[in-house]
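Residue numbers start from 1 in every chain, and the chains themselves are labelled A, B, ... in the order their sequence lines are given, proteins ahead of strands. Model, not experiment: these values are computed from the prediction.
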Amino acid sequence: MRKHVFFSTIFTTSLKPSLSTTSHYRTASSASASAASAFMASEIPETEDEQLDASCCVIQDKDLLRKTQNSGLHVLDLIDRGALEPDPTLYNKLLNKCTQLGKLPEGRIVHAHFLRSQFNRYLVIQNTVLNMYAKCGSLEEARQVFDEMPNRDMVTWTALITGYSQNDKPHDALVLFPQMLRLGLWPNQFTFSSLLKAAGAVPSDRDGRQIHGFVVKYGFNSNVYVGSSLVDMYARCNLMDEAQFVFDCLLSKNDVSYNALIAGHARKDEGEHAIRLFWKMQREDFKPTHFTYSSVFSACANIGALEQGKWVHAHMIKSGQQLIAFVGNTLLDMYAKSGSIEDAKKVFDRLIRRDVVSWNSMLAACGQHGRGKETVERFEEMLRIGIDPNEVTFLCVLTSCSHAGLLDKGLYYFDLMKKYEVEPEVSHYVTIVDLLGRAGQLDRAERFIRNMPIKPTAAVWGALLGACRMHKNMELGAYAAERVFELDPHDSGPHVLLSNIYASAGRWTDAAKVRKIMKESGVKKEPACSWVEIENAVHMFVANDDSHPQIEEICKKWVEICERIKEIGYIPDTSHVLLFVDQQEREAKLQYHSEKLALAFALLNTPPGSTIRIKKNIRVCGDCHSAFKFVSKMVEREIILRDTNRFHHFGAGFCSCGDYW
DNA sequence: CTAGGGTTAG
């Protein structure tokens, strides 16, 4: 054990007049015990990298470094003992080290020591202190330093703006800008980059456009940092054309500007565009980074492009990039969302380090593929290993239980959230309502809603409405629908569901009434479409749409399939057709559901025996579900249908969801 | 001394 003198000296020495209130000292003092255990302390063995790092970075003299390490004293002790002549750069290096390692308590101590030093009026070091607090996430202390500084330069303002913008306080960042301009300070490229990041995080695009104006005025529009920030800001404001325009205007692009644009398209569900840009950036000799791969895999996942995703994966392997968790998690998700759960598992197994997101992604993958039991097993394993579950973990587990009909397990895990101190959010309540509702316990679900400690949202009542549709409970369904209409009048979903409830009960007048209200209030239903990927091209089908070049052939094929599956037991279920039309007409309508068109198209254009993968933007209807089962049996092929949030694996006349979805 | 781009759920 080595003795340490640093704390006894620093906290007993009388303090010089300082920039700061004594609260820094109090905080530093109270933090001393934990701080001591980290990189200031004597007990730390020489093998502790951070201890060595900290010393190495400030002590250039090798002899002195050895002496420091051998004596176990810290640099600041050496100054106190007069063994080391302090200079301003030393404080900067120490503070930056704390920033880099995210060591707030240690940073406070260096700050305290700096305040006692002869350099405590140095603006540059004060800025470094401010930056240290901001980067360590303590915006209150950063602000306090800022407020107490007698002089502030542009860097001071920029450091605080950056602090707010990087810590999810965009409004605080944005209000500082006009204040700083009023003082006559000139913003630079750093200021604008941070401001634009903040502007991209607020709902309106007003601030972003204004800042863009100032960027031009101050002449930073050709700076690649500012340019990338502009691209990102416009992309986040849903202004993809503007983002593209700014990008095209950039005189010098780099990988970051490309990534900002690619990520923008990936977020906006414009996967094909993102993938095109991925290949384009390489034609222009920009190397994809982890950021790029992460965005591109997520783009592939969104559109369910398995083949393209595999190409990008192969490309990443060839380029020698390591599979770090951040990228691996999106890769895993890509395979899972493209329907290949087996590949997703392989990625999970090969991850060098698994973080909580890796586990969550794997749990989500199992849930999406209807493997409730496996979700539960993996979750238990995760707890055994000692990975702390977070709110997403529980959401994955609960939805998985709900999809698999594991009622008791789901309720048990909901209760378990308390033990792991994860506060249930409204989405968790939605899942429990869904779980109870699917299991047919509609009254219990309603009671559960009434006993919620937080205010139920439209989604909560929507889950009950969905369950009422499933179990054909008209009365409670109408009541739930009313609650949804109140809370979210613009969503078409509940109107459609309620109309469906009436329709399946044969109450065509009521069904039509709901449709009429929907039409009058301007609520629009999202058109249903399906996608199928064939030979690296994605084909899209919309219900009753005849724009596809092969449409005649496709319809002919479906009629033929329909006749053949009727022979082996398929009975068209017309309760899913909502219009007040006669039986024959309803059957005709059913034929053109987009997933059926996609299936017919795939059967026409793929080799016998190969797996067919179809993606749909809304829940599959009961009739299509039944038809797909019969087709899988008839053609002896596996058909994988991706719903909005889950998968149906059809094979030999059965579906993996067990008709429970 | 100050800057930009990435993941899981619903």
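- Residue contacts for A:R646: at a heavy-atom cut-off of 4.0 Å it reaches no nucleic acid atom on any strand shown.
- Phosphate proximity of B:dT2 to A:Q166: absent, as no side-chain N or O sits under 4.0 Å from OP1 or OP2.
- Atom pair A:M362:CE and B:dT7:P shows a separation of 20 Å (rounding to whole Å applied).
- With 3.5 Å as the limit, one finds a donor-acceptor pair spanning the side chains of A:N254 and A:S257.
- Distance A:M132 CE to B:dT2 P: 13 Å, rounded to the nearest Å.
- A sub-4.0 Å separation between OP1 or OP2 of B:dT8 and a side-chain N or O of A:Q368 is absent.
- Judged by distance alone with a 3.5 Å cut-off, no donor-acceptor contact links the side chain of A:D232 to the base of B:dG6.
- Between B:dA3 and A:K135, a contact under 4.0 Å exists linking OP1 or OP2 to a side-chain N or O.
- Residues forming a salt bridge (charged side-chain N to carboxylate O under 4.0 Å, His left out) with A:R209 (at least two apart in sequence, or on another chain): A:D205, A:E242.
- Within 4.0 Å (heavy atoms only), A:N254 reaches at least one base atom of the nucleic acid.
- The distance from atom OH of A:Y429 to atom P of B:dG10 is 18 Å, rounded to the nearest whole Å.
- Contacts between residues 185-195 of chain A and DNA chain B, defined by a heavy-atom separation under 4.0 Å, are made by A:N188, A:Q189, A:F190, A:S193, A:S194.
- Closest approach to the A:S229 side chain among B:dC1, B:dG4, B:dA9 is made by B:dG4 (side chain taken as heavy atoms from C-beta onward).
- Residue A:N131 is in sugar-phosphate contact alone, with no base atom involved, counting any heavy-atom pair closer than 4.0 Å across all strands shown.
- Here the side chain of A:V392 is nearest to one of B:dG10, B:dT8, B:dT7, namely B:dT8.
- Rounded to an integer number of Å, the gap from NZ of A:K337 to P of B:dT7 is 11 Å.
- Using a distance-only test at 3.5 Å, with no hydrogens or angles considered, a donor-acceptor pair links the side chain of A:R152 to the main chain of A:D147.
- Checked by atom type and distance alone, the side chain of A:H265 never pairs as donor or acceptor with a backbone atom of A:I262 at under 3.5 Å.
- A donor-acceptor pair under 3.5 Å is formed between the side chain of A:S117 and the backbone N or O of A:F114.
- A:N188 places a side-chain N or O within 3.5 Å of a backbone atom of A:F190 that can act as its donor or acceptor partner.
- In this structure, of B:dT2, B:dG10, B:dG6, it is B:dG10 that holds the atom nearest to the side chain of A:L395.
- The distance between atom CG of A:L261 and atom P of B:dG6, rounded to the nearest whole Å, is 12 Å.
- For the pair A:S358 and B:dT7, the criterion of a side-chain N or O lying under 4.0 Å from OP1 or OP2 is not met.
- With distances taken from any side-chain atom of A:V155 to the nucleotides B:dT2, B:dT7, B:dT8, the minimum falls on B:dT2.
- Side-chain atoms of A:V256 lie closest to B:dG4 of the nucleotides B:dG6, B:dT2, B:dG4.
- Between A:I161 atom CD1 and B:dG4 atom C1' the separation is 15 Å, expressed in whole Å.
- Looking at heavy-atom distances under 4.0 Å, A:V356 makes no contact with the nucleic acid at all.
- Residue A:R354 has no polar side-chain atom (N or O) positioned under 4.0 Å from OP1 or OP2 of B:dT7.
- Contact annotation: A:R267 side-chain N/O to B:dG6 OP1/OP2 distance is under 4.0 Å.
- Listed nucleotides: B:dG10, B:dC1, B:dA3. Nearest to the side chain of A:Y225: B:dA3.
- Nearest heavy atoms, A:A463 versus A:V430: CB-O, 3.8 Å.
- Taking the six-membered ring for Trp and thresholds of 30 and 60 degrees, A:W186 and A:Y218 have ring planes more than 60 degrees apart, a perpendicular arrangement.
- Note on A:S427: nothing from the nucleic acid sits closer than 4.0 angstrom, heavy atoms only.
- Base contact: A:I324 has a heavy atom under 4.0 Å from a base atom.
- For B:dG4, its base sits under 3.5 Å from the side chain of A:S228 at one donor and acceptor pair at least.
- Ring-centre distance between A:F278 and A:Y293: below the 6.0 Å cut-off.
- Nearest nucleotide to the side chain of A:S295, out of B:dA3, B:dC1, B:dG6: B:dG6.
- Contact annotation for A:T292: no contact, since no heavy-atom pair falls under 4.0 Å across all strands.
- Rounded to whole Å, the distance from OH on A:Y293 to C1' on B:dG6 is 14 Å.
- Put simply, CG on A:D355 is 17 Å from P on B:dG6, counting in whole angstrom units.
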